[in-house]
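Position 1 is the first residue of the sequence, and the numbers go up from there.
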Amino acid sequence: MANTPQAKKRIRRNARRAEINGTRVSRIRTFVKKVESALEAGDKAAAAAALAAAQPEMARGVSKGVLHKNTASRKFARLNKRVEALA
């Protein structure tokens, strides 16, 4: 249990940040799922539009520190490759 005022404050702050960061990660996942569902449906136009919306969301996650830069880059590249492969 936290004994010092500083440690108590850190616990409160960490709980707030965890909630905010969880929301951010969830939002990114939602955008990625929209791309994947459009890919499964075979709709290239919808997939491209969803990918265009997901890319800035992933970049925002990187800038806020909830995603590693290379992770976001890898995810975007793989999604982009799948969208381009659609006929």
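Across all non-hydrogen atoms, the minimal contact from A38 to A46 is CB-C, 3.9 Å. Here the shortest heavy-atom pairing between L51 and V35 reads N-CG2, 3.5 Å. Closest approach of P56 to A53, counting heavy atoms only: CD-O, 3.5 Å. Shortest non-hydrogen contact noted between A47 and V83 is CB-CG2, 4.0 Å.
Listed by chain and number, the residues in a salt bridge (charged side-chain N to carboxylate O under 4.0 Å, His left out) with R29 amount to none (sequence neighbours excluded).
Distance CZ/R60 to CZ/R27: 6.5 Å, rounded to 0.5 Å. For the atom pair CE of M58 and CZ of F31, the computed distance is 10.5 Å after rounding to the nearest 0.5 Å. Of the inter-residue distances, the one linking E57 atom CD with L67 atom CG reads 10.5 Å to the nearest 0.5 angstrom.
I28 is listed as a side-chain neighbour of V66, based on a closest heavy-atom distance under 4.5 Å.
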List the steps and the verdict of salt bridge (charged side-chain N to carboxylate O under 4.0 Å, His left out) for E36 and K33. CA-CA 5 Å; E36 290 174 346; K33 284 178 189 173; over 6 Å; no

Going by atom type alone, with no hydrogens or angles, which donor-acceptor pairs under 3.5 Å involve a side-chain atom of residues 71-82 and a protein atom two or more places apart or on another chain?
none

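Between the side chain of S26 and the main chain of G22, no donor-acceptor pair closer than 3.5 Å is present.
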